[in-house]
**Student:** 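Quick one: the structure is below, questions incoming.
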Amino acid sequence: MSRDHVQPAERSAAAAGAPPSSAEAPFLELLARGASADAYEQPVLLARAEGRATEQIVALEQAKLLALRVRSELEGRRRREAELSALFETAHDLAGLRDLDSVLQAIVQRARSLLGTDVAYLSLNDPARGDTYMRVTEGSVAARFQQLRLGMGEGLGGLVAQTARPYVTDDYFQDDRFQHTLAIDSGVRDEGLVAILGVPLMLGHHVIGVLFAADRRARVFEREQIALLGSFAALAAAAIDTANLLTETRSALADLERANEIIQDRSGVIERASDVHDRLAELVLRGGGVHDVAAAVSEVLDGTVEFADAAIAPAGALEASRAEGHAVRHADDWIAAVAAGGELLGALVLRGHPGLDPVDQRTLERAAMVTSLLLLARRSAAEAEQRVRGELLDDLLDARDRDPRLLRERASRLDADLDATHVVLAARLEATAADADQEAAARRRLWSAASHLAATRHGLAAAREGGTVLLLPLEAPDTAAALARRTARHLGTAVHEAVTVGASAPVENLAAHPDAVAAAYEEGRRCLDALRLLGRSGDGAAAEDFGFLGLLLAGDRDIAGFVGRTIGQVVAYDERRGTDLLRTLDAYFACGMSPARTKDELHVHVNTVAQRLERVGHLLGDDWQSPARALEIQLALRLHRLSAPTQR
């Protein structure tokens with residue numbers, strides 16, 4: 001082949017094969033001193049400036065490209081060597097794990113250094129709180145960012161946790177693939193972050209956290225950098241798993257040590273059980289009380305034991321203890337039911353002692369049994385006092401003894417004050433007994449529970465007309481309705497059956513006006529009957545609970561109270577603002593609840609009517625136009641209109 005037929009590529013190759021001094025030499029020198037990529041353009045630019053032959057310039061271009069490839073390969077190898085070295089050092093740290101915080105800090109530091117980012121950080125999921133928190137940061141300067149707690153599914157980290165895949169954003173605030181929240185965006189803005197890469201921390205198939213690398217400028221993360229951060233995330237997950245295993249191992253060793261201590265203490269426990277048996281027997285023989293038993297058991301069990309009434313003790317745990325005949329755990333406490341027959345008298349509660357062993361549990365149960373015996377003995381002595389209380393209340397109801405001085409003296413001996421404000425409550429069982437004996441027994445339980453409640457509340461109780469009547473003091477800011485509901489719950493819990501309670505309005509100065517008790521009792525009975533007719537058996541209420549029906553039930557026809565409860569807020573609003581809401585309501589109902597007809601009646605624009613009715617809705621509630629509420633409101637409007645002249 002002649003020289004004229006040599007292809008340009010071959011000529012270039014020939015030029016490239018020239019001695020180093022002709023083309024490669026400048027680039028070899030640049031490689032040797034580790035020059036920047038920009039410096040490799042200088043030999044070509046110089047040759048062109050000197051006007052060298054085209055073949056020489058082509059050869060230089062070929063040598064430049066080859067040198068840049070060699071430079072890139074060398075840099076890649078150096079980078080991979082550094083990455084492998086960092087991963088090896090991290091794995092070495094993990095193998096000798098002593099301090100999880102130090103290992104995680106080292107991982108974040110090395111990730112930031114190798115990826116060349118401004119910030120690197122690691123977050124972990126908190127299953128107990130259902131969110132994610134910042135665990136380790138490197139390069140962070142914003143305190144709010146370092147203390148971030150994020151809800152699951154929020155931010156870039158939430159997207160990584162949901163998909164278990166790496167995600168990268170070149171511009172965080174312009175990326176709408178994930179949910180932005182005020183807390184996260186504020187923290188990221190404080191830190192000044194723009195580009196963020198996040199990779200998941202995986203234990204098996206579960207994401208336990210996210211490892212991040214971030215820059216304060218726009219940046220595109222390469223695939224090799226994403227893979228490197230993923231390797232660090234795997235090491236971080238392994239470190240966390242190892243730390244958890246170490247924690248579990250230490251916990252297991254501690255459990256074994258505690259078990260050994262329990263075995264060693266078993267003889268001491270048995271001695272304590274024998275000791276408490278002797279002490280409880282002594283308490284019974286010398287006539288000790290419930291609190292004496294609680295104090296003795298507190299000392300033996302090295303804890304705080306208290307007696308709680310059935311109404312105060314946790315209902316679920318109390319019922320479970322009564323049904324099982326054993327003490328049951330409730331949170332960090334232990335509950336042992338104190339029962340006699342089918343009646344719950346209360347409970348012994350061991351406070352803050354979750355690790356109760358079986359022997360101590362039986363000790364608590366035995367103490368509960370002794371407590372029930374003491375309570376039964378005390379009840380026998382108290383029944384005489386209860387009969388006296390019942391006799392006084394019977395006299396008040398029948399108005400046989402009208403001497404205020406004698407009434408006060410009798411009440412004082414029973415620790416009751418007839419000059420205080422009281423409420424008369426009528427209580428009745430709702431369950432139907434199978435026979436007369438069972439019904440009589442149920443009524444006795446109700447009377448006994450009511451008498452006990454009256455004695456503890458400085459009131460009176462008596463059996464009457466198949467039910468029970470109570471006279472209980474009322475202290476501000478309590479109401480008759482609230483007292484009725486509480487009494488229904490208390491008595492129902494005590495006798496294990498639904499008890500319905502109707503209450504009178506508050507009554508005062510009973511010693512001077514004993515006939516007021518009988519009138520109040522009749523009002524309470526009417527409320528009781530109304531509850532049963534309305535299907536609210538087992539509940540408690542006073543006349544004020546029944547809306548306009550309460551006007552018929554109440555003994556004193558509390559019209560002002562009904563008006564105040566029904567439209568009082570509207571009245572007060574008109575008085576404060578000088579508005580016309582009451583007149584608008586009157587016209588609205590008179591016009592068949594038609595806004596169009598109402599505006600003609602009031603000579604205002606229909607929008608004005610709509611705005612006023614909207615304000616009424618804010619004051620009275622959204623259901624004010626329902627049939628039942630509308631009826632009450634119309635009645636209250638008429639009563640208010642009728643009473644207005646007398647008020648002026």
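If you read the sequence from its start, that first residue is 1, and numbering goes on from there. Computed from heavy atoms alone, side chains included, the values below leave out hydrogens, waters and symmetry copies. Fair warning: this is a prediction, and the values are worked out from it, not measured in the lab.
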**Student:** D419: which residues meet the side-chain contact (heavy atoms from CB on, under 4.5 Å) condition with it, sequence neighbours left out?
**Tutor:** R408, D417, N509, A511
**Student:** For the residue pair V570 and L582, establish whether any side-chain heavy-atom pair is separated by less than 4.5 Å.
**Tutor:** yes
**Student:** Answer yes or no: is there a donor N or O on one side and an acceptor on the other, between the side chain of T598 and the main chain of S594, under 3.5 Å?
**Tutor:** yes
**Student:** So R615 and T579, do their side chains get closer than 4.5 Å, heavy atoms only?
**Tutor:** no
**Student:** Quick one: closest heavy-atom pair of L318 and A347, and the distance?
**Tutor:** CD1-CB, 3.6 Å
**Student:** Do L472 and R486 make a side-chain contact, defined as non-hydrogen atoms from C-beta onward lying under 4.5 Å apart?
**Tutor:** no
**Student:** Tell me which pairs pass salt bridge (charged side-chain N to carboxylate O under 4.0 Å, His left out) where either residue lies in residues 494-511, with sequence neighbours left out.
**Tutor:** R445-E497
**Student:** So, taking the atom named CH2 in W447 and the one named CZ in R464, what distance separates them when rounded to the nearest 0.5 Å?
**Tutor:** 14.5 Å
**Student:** Please determine whether side-chain contact (heavy atoms from CB on, under 4.5 Å) holds for the pair L471 and L510, giving the CA-CA distance in whole Å, both sets of side-chain angles, and the decisive distance to 0.1 Å.
**Tutor:** CA-CA 11 Å; L471 180 68; L510 299 181; 3.7 Å; yes
**Student:** Going by salt bridge (Lys or Arg N to Asp or Glu O under 4.0 Å), name the residues that satisfy it together with R576, two or more places apart in sequence or in a different chain.
**Tutor:** none
**Student:** Could you pull out all residues at least two apart from D131 that satisfy side-chain hydrogen bond (donor to acceptor under 3.5 Å, both in side chains)?
**Tutor:** R149
**Student:** Any heavy-atom pair between the side chains of D309 and H452 that's under 4.5 Å?
**Tutor:** yes
**Student:** Quick one: pull up CG in L585 and CG in D580 and give me the separation to the nearest 0.5 Å.
**Tutor:** 10.5 Å
**Student:** For V499 and A427, work out which heavy atoms get closest and say how close.
**Tutor:** CG1-CB, 4.1 Å
**Student:** Taking salt bridge (Lys or Arg N to Asp or Glu O under 4.0 Å) as the definition, give me every residue that meets it alongside E409, ordered by chain and number, with sequence neighbours left out.
**Tutor:** R405
**Student:** Of all the heavy-atom pairs spanning P506 and V423, show the shortest one and how long it is.
**Tutor:** CA-CG2, 4.2 Å
**Student:** Below 4.5 Å, heavy atoms only, C-beta onward: do L619 and L581 meet side chain to side chain?
**Tutor:** yes
**Student:** Partners of D623 by side-chain contact (heavy atoms from CB on, under 4.5 Å), sequence neighbours excluded?
**Tutor:** S626, R629
**Student:** Minimum heavy-atom separation for A520 and V424, please, with both atom names.
**Tutor:** CB-CG2, 3.6 Å
**Student:** Only counting residues at least two apart or in another chain, list the ones meeting salt bridge (Lys or Arg N to Asp or Glu O under 4.0 Å) with D539.
**Tutor:** R536
**Student:** What's the spacing between R428 CZ and S537 OG if we round to 0.5 Å?
**Tutor:** 10.5 Å
**Student:** Would you check if the side chain of T500 reaches a backbone N or O of G538 as a donor-acceptor pair within less than 3.5 Å?
**Tutor:** yes
**Student:** Of all residues at least two apart in sequence or in a different chain, which pass the side-chain contact (heavy atoms from CB on, under 4.5 Å) check with Q611?
**Tutor:** none
**Student:** Any ring-ring contact (aromatic ring centres under 6.0 Å, His included) involving residues 598-619? Give me the pairs, sequence neighbours left out, ordered by first then second residue.
**Tutor:** none
**Student:** If I compare all heavy atoms of L602 with all of A587, which pair ends up nearest, and what's the gap?
**Tutor:** CD2-CB, 3.8 Å
**Student:** Just by modelled atom types, is the A331 backbone N or O under 3.5 Å from a matching donor or acceptor in the R329 side chain?
**Tutor:** yes
**Student:** From the options E601, R612, K599, select the one residue that forms a side chain to side chain donor-acceptor pair (under 3.5 Å) with T584.
**Tutor:** R612
**Student:** Considering all heavy atoms of both residues, which atom of T487 and which atom of L425 are nearest to each other, and what is their separation?
**Tutor:** OG1-CD2, 4.0 Å
**Student:** Main chain of A463, side chain of T468: is a donor-acceptor contact present, judged purely on distance under 3.5 Å?
**Tutor:** no
**Student:** Please determine whether the number of non-hydrogen atoms from other residues, nucleotides or ligands lying under 6.0 Å from atom CG of N607 exceeds 12.
**Tutor:** yes
**Student:** Does A368 have any side-chain contact (heavy atoms from CB on, under 4.5 Å) partners at least two apart in sequence or in another chain, and if so, which?
**Tutor:** A336, V338, L348
**Student:** CG/D574 to CD1/I567 distance, rounded to the nearest 0.5 angstrom?
**Tutor:** 9.5 Å
**Student:** Once rounded to the nearest 0.5 Å, what's the spacing between atom CD of E475 and atom OG1 of T421?
**Tutor:** 10.0 Å
**Student:** Name all residues meeting the ring pair (Phe, Tyr, Trp, His ring centres under 6.0 Å) criterion together with Y588; count only those two or more places apart in sequence or in a different chain, and write none if there are none.
**Tutor:** W624
**Student:** Can you sort out the partners of R443 under salt bridge (Lys or Arg N to Asp or Glu O under 4.0 Å), two or more places apart, ordered by chain and number?
**Tutor:** E439
**Student:** Working to the nearest 0.5 angstrom, can you tell me the gap between L470 CG and L483 CG?
**Tutor:** 9.0 Å
**Student:** Does the pair R322 and E319 meet the rule for a salt bridge (charged side-chain N to carboxylate O under 4.0 Å, His left out), with working shown?
**Tutor:** CA-CA 5 Å; R322 185 192 67 82; E319 181 58 32; 2.5 Å; yes
**Student:** Any side-chain heavy atom of H422 within less than 4.5 Å of one from L460?
**Tutor:** no
**Student:** Determine whether a donor-acceptor pair (N or O, by modelled atom type, separation under 3.5 Å) exists between the side chain of E365 and the backbone of A327.
**Tutor:** yes
**Student:** For side-chain contact (heavy atoms from CB on, under 4.5 Å), just list the numbers for V604 and V609, CA-CA rounded to whole Å, side-chain angles, deciding distance to a tenth of an Å, and then say yes or no.
**Tutor:** CA-CA 7 Å; V604 297; V609 174; 3.7 Å; yes
